[in-house]
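Notes follow once the structure below has been shown.
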Amino acid sequence: MNNVNVEGIGNIETVKALFAGFNCLRDDNCFLVVQNYDYMGSLAGSEGQIATTNAAVVGAKAGGVAGGIVGGLVGSAVSNAVNEAVKEFHNSLDEKQKIVFDTTVYGGYLVNVMADGVAIIPLSNGGKMTPSIKNFITDLNNFVYFSNAELESVKLEKLPLRISTKKLAIRFKGMSGSCPRWVCPSKHKLVPYQEENFKKLLNK
């Protein structure tokens, strides 16, 4: 199947066909579109460079950067210790993990949470600097699947000062609870199935 833009991403039948193409369609599908909170576009450096995970992992506290955000936009203000910690974390990831922790290419992800694991289709940002669902385009060549054996947990978590969105926290075994920071809206006008699936995952 070919890559699709937001019209396809927002069509539940197209979404089912996309995941079926990877043998990742189940009876308990939970489809969600998330935005990459840490997306910084090409300013973040080389493709796949990890700009942030959380303060504990990247050592942002040592660099004096509030909230754990480090990358091209604030690079001059970040200490060498933080940059080294980011590099070390990046090097510790396998190829699949690098895709979901990416900060330069993917503005979001199309996710299917299932009983046996999580299937993820990365969404490029159409060349725009700010992640926006209206600009998303699938990148089927970099589809990834994580089985339950690779995962510690998958759940929606609270975000500070946010009511209508949460964080989709996918945590991996052996990574001290680190996870990509994905903002998950409770609903979106371009994604009609978002609200139903948001509630489904919230109630699991």
For [X], what residues pass the side-chain contact (heavy atoms from CB on, under 4.5 Å) criterion, not counting sequence neighbours?
X      : result
Val6   : Ile133, Leu190
Thr130 : none
Ser186 : Ser164, Phe198
Asp94  : Lys96, Gln97

Main chain of Ser147, side chain of Glu150: is a donor-acceptor contact present, judged purely on distance under 3.5 Å? yes
Trp182 and Tyr37: aromatic ring centres closer than 6.0 Å? no
Phe172: ring pair (Phe, Tyr, Trp, His ring centres under 6.0 Å) partners, not counting sequence neighbours: Phe146
So [Y] and [X], do their side chains get closer than 4.5 Å, heavy atoms only?
X      : Y      : answer
Tyr109 : Asn36  : yes
Lys166 : Pro185 : no
Val105 : Pro122 : no
Met114 : Cys30  : no
Lys155 : Leu202 : no

Atom pair [atom1] ([X]) and [atom2] ([Y]), whose distance is rounded to the nearest 0.5 Å:
X      : Y      : atom1 : atom2 : result
Thr104 : Asp38  : OG1   : CG    : 12.0 Å
Phe101 : Ile170 : CZ    : CD1   : 9.5 Å
Asp102 : Ser124 : CG    : OG    : 10.5 Å
Leu93  : Glu95  : CG    : CD    : 9.0 Å

Going by atom types only, do Asn142 and Tyr106 share a side-chain donor-acceptor pair under 3.5 Å? yes
What do you reckon, is NZ of Lys200 surrounded by more than 12 foreign heavy atoms closer than 6.0 Å? yes
Taking atom CG of Asn2 as the centre, report whether more than 12 heavy atoms of other residues, nucleotides or ligands fall under 6.0 Å from it. no
Check the pair Thr138 / Asn3 against side-chain hydrogen bond (donor to acceptor under 3.5 Å, both in side chains), numbers first and verdict last. CA-CA 5 Å; Thr138 59; Asn3 285 309; 3.0 Å; yes
Consider side-chain contact (heavy atoms from CB on, under 4.5 Å). Of Asn197, Leu123, Val111, which one does Val33 pass it with? Leu123
Let me check something: do [X] and [Y] share a hydrophobic cluster, defined by ILVMFWY side-chain heavy atoms less than 4.5 Å apart, either directly or through other members?
X      : Y      : answer
Leu25  : Val191 : yes
Leu110 : Phe136 : yes
Tyr193 : Val113 : no
Leu151 : Val34  : yes

Salt bridge (Lys or Arg N to Asp or Glu O under 4.0 Å) with Lys199: which residues, sequence neighbours excluded? Glu195
Return each pair, listed once, that meets salt bridge (charged side-chain N to carboxylate O under 4.0 Å, His left out) where at least one residue sits in residues 167-177; pairs must be two or more places apart or across chains. Glu157-Lys167, Glu157-Arg171
Pairs satisfying salt bridge (charged side-chain N to carboxylate O under 4.0 Å, His left out), at least one member in residues 118-143, at least two apart: none
Evaluate side chain to side chain contact (heavy atoms under 4.5 Å, CB included) for Val154 paired with Leu168, printing each intermediate quantity in order. CA-CA 7 Å; Val154 180; Leu168 177 59; 4.2 Å; yes
Step by step, work out the side chain to side chain contact (heavy atoms under 4.5 Å, CB included) result for Cys184 and Thr165. CA-CA 5 Å; Cys184 185; Thr165 59; over 6 Å; no
Could you tell me which non-hydrogen atom of Tyr39 sits nearest to which non-hydrogen atom of Asn125, and how far apart they are? CE2-ND2, 3.5 Å
Heavy-atom pair of closest approach, residues Tyr145 and Cys24: CD1-SG, 3.9 Å
Result block: side-chain N/O donor-acceptor pairs under 3.5 angstrom for residues 7-18, not counting sequence neighbours:
unit_1	atom_1	unit_2	atom_2	d
Asn11	OD1	Glu13	N	2.9
Asn11	OD1	Thr14	N	3.2

If you look only at pairs with a residue in residues 24-34, which of them pass as a side chain to side chain donor-acceptor pair (under 3.5 Å), with sequence neighbours excluded? Arg26-Asp116, Asn29-Asn112
Which residue pairs pass the ring pair (Phe, Tyr, Trp, His ring centres under 6.0 Å) test with at least one member in residues 10-30, sequence neighbours excluded? Phe19-Phe31, Phe22-Phe143
Residues in side-chain hydrogen bond (donor to acceptor under 3.5 Å, both in side chains) contact with Glu152, at least two apart in sequence or another chain: none
